[in-house]
K.L.:
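Submitted below is the structure of interest, expressed as structure tokens.
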Amino acid sequence: MFEKILIANRGEIAVRVIRACREMGIIPVAVFSEADRKSLHLRLAEEAYPIGPPPSSSSYLVMEKLVQVAKKSGAEAIHPGYGFLAENANFAEMVESEGLTFIGPPPEAIRLLGDKLKARQTMVEAGLPIVPGTPGGVSSTKEVKSFIDQFGLPVLIKAAYGGGGKGMRILKEEGQIESSLRDASSESEAHFGDGTVYLEKYLQRPRHIEIQILADKHGNVIYLGERECSIQRRHQKVIEESPSPIVDAKMRRAMGESAVEAARAAGYVNAGTVEFLVDKDKKFYFLEVNTRLQVEHPVTEMVTGLDLVKQQIKIAAGEKLPYSQKGIKLNGAAIECRIYAEDPQNDFLPSTGVIRSYREPSGPGVRVDSGVYGGFEVPVYYDPLISKLITWGTDRQEAIARMRRALEEYVITGIATTVAFHRQVLDHPEFLSGEFSTHFIDEQYRASAGANDGFPRSLKEIAALAAVWHDLTNRGKIKIGMTDRRLKENPWKTFGRREAIRQFK
Ligand code: MV4
């Protein structure tokens with residue numbers, strides 16, 4: 001086993017990997033940019049090395065610096081986390097060629113799966129269901145027209161090296177072919193350095209469901225159930241859960257076995273995720289493979305009891321998987337809310353600044369993977385994800401009840417966050433019913449500033465608000481936390497509230 005691992009990342013995921021190292025008796029080595037001098041991952045790591053100025057292009061993305069620090073510190077392996085260099089085949093290659101171990105898949109698998117056209121071709125050959133699409137890149141209106149003649153509208157133009165919705169255009173009418181093609185291609189060129197785009201039939205209101213897999217270096221591949229990731233906004237996931245409310249045992253097995261086939265076909269090793277789109281008839285289609293540990297991995301950890309980061313490290317060190325497929329038992333349900341430093345009242349604009357007060361929820365079934373603390377200044381340079389709140393319950397209902405309770409306990413002041421937004425989603429009938437698609441937030445949430453912000457209120461909510469308003473205006477007295485008369489008589493419960501009440505009298 002490794003004695004030292006360098007973590008080529010920051011924030012909550014660096015903290016997550018450090019924790020796994022600690023439990024395994026491995027010394028974690030942190031790196032930090034000038035903007036991260038006071039970040040939580042440094043406080044928890046044994047050693048920390050500076051790697052440059054705040055912009056990630058000058059620090060967390062500079063491959064040579066990371067390899068250099070790894071060697072200088074005596075680390076034998078590098079964990080890339082997610083984002084930054086996690087899915088960069090050249091980085092994985094450089095790490096290995098310098099005699100270090102990359103804690104992730106082989107460079108060839110990253111390269112193959114990063115090329116969406118090659119990935120699709122590979123999966124067709126492996127027998128996976130895929131959405132109808134062009135086998136190669138398209139560049140002319142004529143090619144698009146003939147695809148439409150065969151499969152009809154709408155059509156989705158996708159970037160061959162894309163991800164996260166960049167370089168993607170929905171084509172709804174023939175008149176837009178030329179402009180959409182041009183836009184998608186130039187956006188792809190700008191973001192991925194290659195303007196190749198291809199076509200797929202556009203699925204109208206799909207769900208996004210993904211399968212977690214683990215593959216060791218000895219040819220063993222297993223799947224760890226699914227994650228429902230349909231609650232997203234602008235290609236950024238917001239809430240994930242496992243199991244999916246619509247997946248039964250039979251569908252799970254079919255998707256899981258497909259995912260294992262996909263991994264085998266790609267020569268995959270380590271932890272990976274096979275993404276599927278699922279239509280209204282519950283038919284599933286291969287989308288792509290994410291060749292990294294994902295942000296939402298904790299929900300899978302909660303229902304399987306496995307530590308995915310430890311498994312990644314063990315696989316990289318050459319160990320065999322500890323379980324066969326039969327040994328994997330899914331238990332209960334887990335939900336994750338991504339807490340972003342963003343302002344839902346202001347079109348989810350990133351909100352930076354000092355966290356004035358900070359109190360994390362805890363108690364039964366609650367886990368917080370956080371990269372911040374009270375007094376910390378959230379840097380402007382990086383992803384605005386500050387923590388992930390994960391709850392577990394014996395079933396979906398209990399996981400939801402615990403999430404609501406935990407969101408009520410969570411205190412973050414000084415900056416705007418998405419905590420209150422999550423409270424609204426967790427009260428939304430469509431979310432509670434489990435009947436939703438990737439368009440849930442777009443369809444249900446109004447982000448424009450104004451009186452009609454947010455999710456439309458139910459009649460019951462309006463009635464409750466009217467009652468409170470009536471109470472406040474007609475009695476001329478504001479009661480804080482004193483709606484229940486019995487509380488008045490209980491000094492334990494009213495202790496600490498008195499000051500606030502006095503101020504309002
Ligand atoms: C699709 C699709 C519908 N049909 N492909 C989104 C990110 C990228 N990984 C692939 N994505 C999608 N691919 C076909 N053939 C729907 C999505 C999609 C989406 C598309 C437009 C706007 C929002 C979206 C949210 C989630 C998924």
Side-chain angles (χ1 to χ4, degrees), residues 2-56 58-62 65-66 69-70 72-75 77-86 103 293 295 297-298 301 307 309-310 312-313 338-341 350-362 366-390 409-415 417 419:
F2 311 114
E3 281 180 21
K4 247 186 191 187
I5 292 176
L6 179 125
I7 298 134
N9 217 303
R10 62 174 304 283
E12 69 84 19
I13 196 60
V15 171
R16 171 71 190 86
V17 179
I18 288 167
R19 286 178 170 148
C21 289
R22 273 269 150 61
E23 290 177 25
M24 295 173 82
I26 297 167
I27 300 170
V29 179
V31 293
F32 62 103
S33 75
E34 282 164 25
D36 271 328
R37 286 208 178 109
K38 293 183 178 173
S39 286
L40 187 61
H41 71 288
L42 304 197
R43 299 191 168 195
L44 299 178
E46 217 81 32
E47 289 175 34
Y49 295 84
I51 50 163
S56 46
S58 312
S59 50
Y60 297 103
L61 288 172
V62 186
K65 280 189 195 170
L66 294 159
V69 171
K72 194 167 102 185
S73 69
I78 298 185
H79 194 301
Y82 53 68
F84 295 135
L85 296 169
I103 302 174
L293 178 73
V295 176
H297 76 276
E301 295 187 319
D307 183 316
V309 180
K310 282 191 203 163
Q312 284 192 293
I313 294 169
R338 295 191 185 191
I339 312 302
Y340 290 102
S351 156
T352 56
V354 178
I355 296 178
R356 261 161 41 90
S357 57
Y358 187 76
R359 186 177 182 283
E360 283 181 358
S362 60
V366 176
R367 163 176 172 180
V368 187
D369 279 22
S370 160
V372 302
Y373 54 87
F376 177 67
E377 182 170 4
V378 181
V380 295
Y381 298 95
Y382 314 108
D383 191 273
L385 181 76
I386 54 174
S387 78
K388 304 180 308 206
L389 175 56
I390 306 110
E409 286 182 24
Y410 211 160
V411 178
I412 307 173
T413 68
I415 58 168
T417 74
V419 169

K.L.:
Do the non-hydrogen side-chain atoms of R10 and P379 ever get within less than 4.5 Å of each other?
P.N.:
yes

K.L.:
With side chains defined as the heavy atoms from C-beta onward, is the minimum distance between R367 and K388 less than 4.5 Å?
P.N.:
no

K.L.:
Between Y382 and Y60, does the ring centre distance come in under 6.0 Å?
P.N.:
yes

K.L.:
To the nearest 0.5 Å, what is the distance between CD1 (I51) and CG (L61)?
P.N.:
9.0 Å

K.L.:
Roughly how far, to the nearest 0.5 Å, is OG1 of T352 from CD1 of I386?
P.N.:
11.5 Å

K.L.:
Can you check whether Y82 reaches H297 side chain to side chain, under 4.5 Å on heavy atoms?
P.N.:
no

K.L.:
Return the minimal non-hydrogen interatomic distance between V378 and A341, and the atom names on each side.
P.N.:
CG1-CB, 4.4 Å

K.L.:
Any side-chain to backbone donor/acceptor pair from N9 onto H79? Under 3.5 Å, distance only.
P.N.:
no

K.L.:
Has the side chain of S39 got a donor or acceptor atom that lies under 3.5 Å from a matching backbone atom of H41?
P.N.:
no

K.L.:
Rounded at 0.5 Å granularity, tell me how far CD1 in I26 sits from NZ in K4.
P.N.:
12.5 Å

K.L.:
Please find the pair of heavy atoms, one from F84 and one from S56, that lie closest to each other, and give the distance.
P.N.:
CE2-CB, 3.5 Å

K.L.:
Which distance, rounded to the nearest 0.5 Å, do you find between the CD of E47 and the CG of L6?
P.N.:
9.5 Å

K.L.:
Search all heavy atoms of S370 against all heavy atoms of E12 and return the closest pair with its distance.
P.N.:
C-CB, 3.7 Å

K.L.:
Between K65 and S58, is there a donor-acceptor pair closer than 3.5 Å when you use the side chain of the first and the backbone of the second?
P.N.:
yes

K.L.:
Calculate, to the nearest 0.5 Å, the distance between atoms CG and CD1 belonging to D307 and I313 respectively.
P.N.:
8.0 Å

K.L.:
Got more than 12 heavy atoms from elsewhere within 6.0 Å of CD, E46?
P.N.:
yes

K.L.:
For the residue pair K310 and A20, what are the closest heavy atoms and their distance?
P.N.:
CG-CB, 4.1 Å

K.L.:
Output the distance between atom CE (M24) and atom CD1 (I5), rounded to the nearest 0.5 Å.
P.N.:
6.5 Å

K.L.:
Counting neighbours of CZ on R22 that are heavy atoms of other residues, nucleotides or ligands and sit closer than 6.0 Å, is the number greater than 12?
P.N.:
yes

K.L.:
Give me the atom names and distance for the closest heavy-atom approach of I78 to L66.
P.N.:
CD1-O, 4.2 Å

K.L.:
Considering only heavy atoms from C-beta outward, does the side chain of I13 approach that of L293 to under 4.5 Å?
P.N.:
yes

K.L.:
Side chains of D369 and V15: closer than 4.5 Å at any heavy-atom pair?
P.N.:
no

K.L.:
Only one of V419, I339, L40 clears side-chain contact (heavy atoms from CB on, under 4.5 Å) with S387; which?
P.N.:
I339

K.L.:
Judged by atom type as modelled, is there a donor-acceptor pair below 3.5 Å linking the side chain of K38 to the main-chain atoms of E377?
P.N.:
no

K.L.:
Going by the rule ring pair (Phe, Tyr, Trp, His ring centres under 6.0 Å), which residues pair with F32 if we only count those two or more places apart in sequence or in a different chain?
P.N.:
none

K.L.:
What are the two closest non-hydrogen atoms of P55 and Y381, and how far apart are they?
P.N.:
N-CD2, 4.2 Å

K.L.:
Check step by step if side-chain contact (heavy atoms from CB on, under 4.5 Å) holds for E360 and Y410.
P.N.:
CA-CA 5 Å; E360 283 181 358; Y410 211 160; 4.1 Å; yes

K.L.:
Quick one: are V309 and R19 in side-chain contact, heavy atoms under 4.5 Å?
P.N.:
no

K.L.:
Hey, mind stepping through D36 and V31 against side-chain contact (heavy atoms from CB on, under 4.5 Å) and telling me if it holds?
P.N.:
CA-CA 9 Å; D36 271 328; V31 293; over 6 Å; no

